Amino acid sequence: MHSVGRIGRYRLERRLGTGAFGTVWLAHDDELDAPVAVKVLAENWSHRLDVRERFLSEARLLRKAASPRVVQVHDIGELPDGRPYFVMEYADAGTLADLLDDGPLPVAEALRLTALAARSAQALHEAGIVHRDIKPSNVLLRTAPDGTRRVLLADLGLAKSLAEASGLTLAAGSAGYRPPEQAEPGAGIDARADVYSLGAVGYQLATGTVPGAPGRIVPPRRLRPGLDPGVARTLLRALEPDRERRWPTAEAFARELERAATTDTDGSDGSDGSDAAGAAGGAGPPDARPRVRRGRLGRRGTVALTAAVAAVAGAGVALALTLRPSAPPGVRVADATGRIELRVPDGWGRQLRDSGWDPRTLGLPAGHEPGLAVADDLGRWQDLGAGVRGVFAGLSEHGDVTARVNAVDHPGCHYDGSRAYTGDRWRGRVRAWTRCPGEGRLTEAALVPAGAAPGPQVYVQIRQRDGADATDGILRSLRVT
Ligand code: ATP
Ligand code: MG
């Protein structure tokens, strides 16, 4: 692999983060003497022409938007080993996802930040672009020369121009932030898809929780008691599954949020509303965080579902049907690296996503690790009520998978308890939920190699409906090399 100490005239300083398609570096532009962010397509993707094209089209669309509310692209190029990269302005104050690390924000600040993100989306819409992947990690914060913070939308990897979008058939976006029409082939996407995602961002900033599947969203006031009912309605209107009932434009949503932010006093914890000062000028420091405790519906509650879906949704183009029918009952599937293999019952193996996952979505150290999702309908995987049958399996070399799996909850399902699992190859803990909406069942497992030999930990999520429990058969079939 080409060692990256320098990319063209840009001197790499440190890694800022890794997403589904590549890594973002903080670098220094020696000619202009300025910091920049360089996004490099991951090596395992760079041989895929469709992914390359998509990666570069992100850069071109960002340029096309040419708005101070959207991250600016300065340069585009290719490494000697062929990996494409693009150079963008550096957001020195992190992302909304970073702000959420410390829990929900003061309400007025949450509303103002969401309003600014909505105004950024409006700028894109006016340029004929639907973002299609608005989520906290794609909303960047940059300190302006006068000390205020700007909000910048980034990452149009999944964006298409409005004209193209009407014919799109790929499910794209990120679970929790994705409107239902984005998971429906041929539904046609318009700017209201982004209104839904913006509603999800606002909901998360105010409650600390990623919203559940469309139409099954826990009322925000249950997660943040004392939240103004009007604010809750404003957020839920953006999150309407039927886009006809949503705010008609990102701008209309922004205006309502701005209005609410000036009148809201955060009653959830007896705070005096002093957070408004923190958000002055847009996105100020979150200096007046409410003491909202995360109960069983807290952020961790939805993380495992999101984790599995990240592999499904994060890399929307990676659908690779490499199913191999085999002699024993069921279908054997493998991921793109060939490291993970497992067998699923017949009928579950209609669609395979083999492109890996980011263990960060389970609260583990970030990275791009082998992972696969196989199901009868991956497009509806994120909807617990959809009665999907399938398996997600992802490796993690770092962190404590068992601890993370133990922290997971699935609001809306009945928790049946946990048990130890011991097989020839794996041992670990299996946790089960039944009576999920749509009569679904859900199993989560954290596995480590059964023998003394070291090996990666595996996170497994199994979705099933009726019939005999397939969990142990699937876990027994799992091989990792
Ligand atoms: P996904 O691949 O699902 O979009 P992601 O948004 O986290 O996930 P990337 O877009 O690859 O992945 O970005 C990785 C991280 O790099 C981001 O979470 C953010 O913290 C950081 N980042 C991205 N662009 C910039 C930028 N221009 N300035 C500063 N930090 C950035
Ligand atoms: Mg991103």
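Owing to the predicted nature of the structure, the values given are computational and were not obtained by experimental measurement. Remember, it's 1-based here, ligands and their atoms both numbered in the order they're listed.
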Nearest 0.5 Å please: distance from the CG atom of Leu116 over to the CZ atom of Arg150. 11.0 Å
Please work out whether any backbone atom (N, CA, C, O) or any side-chain heavy atom from C-beta onward of Ala91 is under 4.0 Å from ligand 1, and answer side chain, backbone, both or neither. both
Yes or no: does Lys135 have any heavy atom under 4.0 Å from an atom of ligand 1? yes
Minimal heavy-atom distance between His398 and Glu369, with the atoms involved, is CD2-OE2, 4.3 Å
So if I count the atoms of ligand 1 from 1 in the order they appear, which ones are less than 4.0 Å from some heavy atom of Ala37? 26 (C), 27 (N), 28 (N)
Before accepting this row, confirm whether a basic side-chain N of the pair Asp155/Lys39 lies closer than 4.0 Å to the acidic partner's carboxylate O. yes
Distance filter under 4.0 Å to Asn138 heavy atoms, resulting ligand 1 atoms: 4 (O), 6 (O)
Under-4.0 Å salt bridge between Arg119 and Glu258: yes
At under 4.0 Å between heavy atoms, what of Glu89 touches ligand 1? The answer is backbone
Ligand 1 to Thr95, heavy atom cutoff 4.0 Å, flagged ligand atoms 19 (C), 20 (O)
Can you list the ligand 1 atoms lying under 4.0 Å from a non-hydrogen atom of Met88? 24 (N), 27 (N)
Parallel, tilted or perpendicular: rings of Trp433 and His410 (30°, 60°): perpendicular
Under 4.0 Å between heavy atoms, the region of Asp98 that gets near ligand 1 turns out to be neither
For ligand 1, which part of Glu58 has a heavy atom less than 4.0 Å away: the side chain, the backbone, both, or neither? neither
Decide whether an N or O pair under 3.5 Å exists between Thr18 and ligand 1. no
Could you report the tightest heavy-atom contact between Phe253 and Leu235, atom names first, then the distance? CZ-CD2, 4.3 Å
Ring-ring centroid check Trp357 Phe392, cutoff 6.0 Å: yes
Glu240-Tyr196 side chain donor-acceptor pair, cut-off 3.5 Å: no
From the list Leu442, Val408, Thr443, side chain to side chain contact (heavy atoms under 4.5 Å, CB included) with Arg431 holds only for Val408
Suppose we only count N/O/S atoms under 2.8 Å; would Asp155 qualify as near the Mg ion (ligand 2)? yes
Report whether any nitrogen, oxygen or sulfur of Ser137 sits less than 2.8 Å from the Mg ion (ligand 2) (N, O or S, backbone or side chain). no
Polar proximity ligand 1 side, Lys39 side, N/O cut 3.5 Å exclusive: yes
When only distance counts, is Tyr90 in polar contact with ligand 1, meaning an N/O pair under 3.5 Å? no
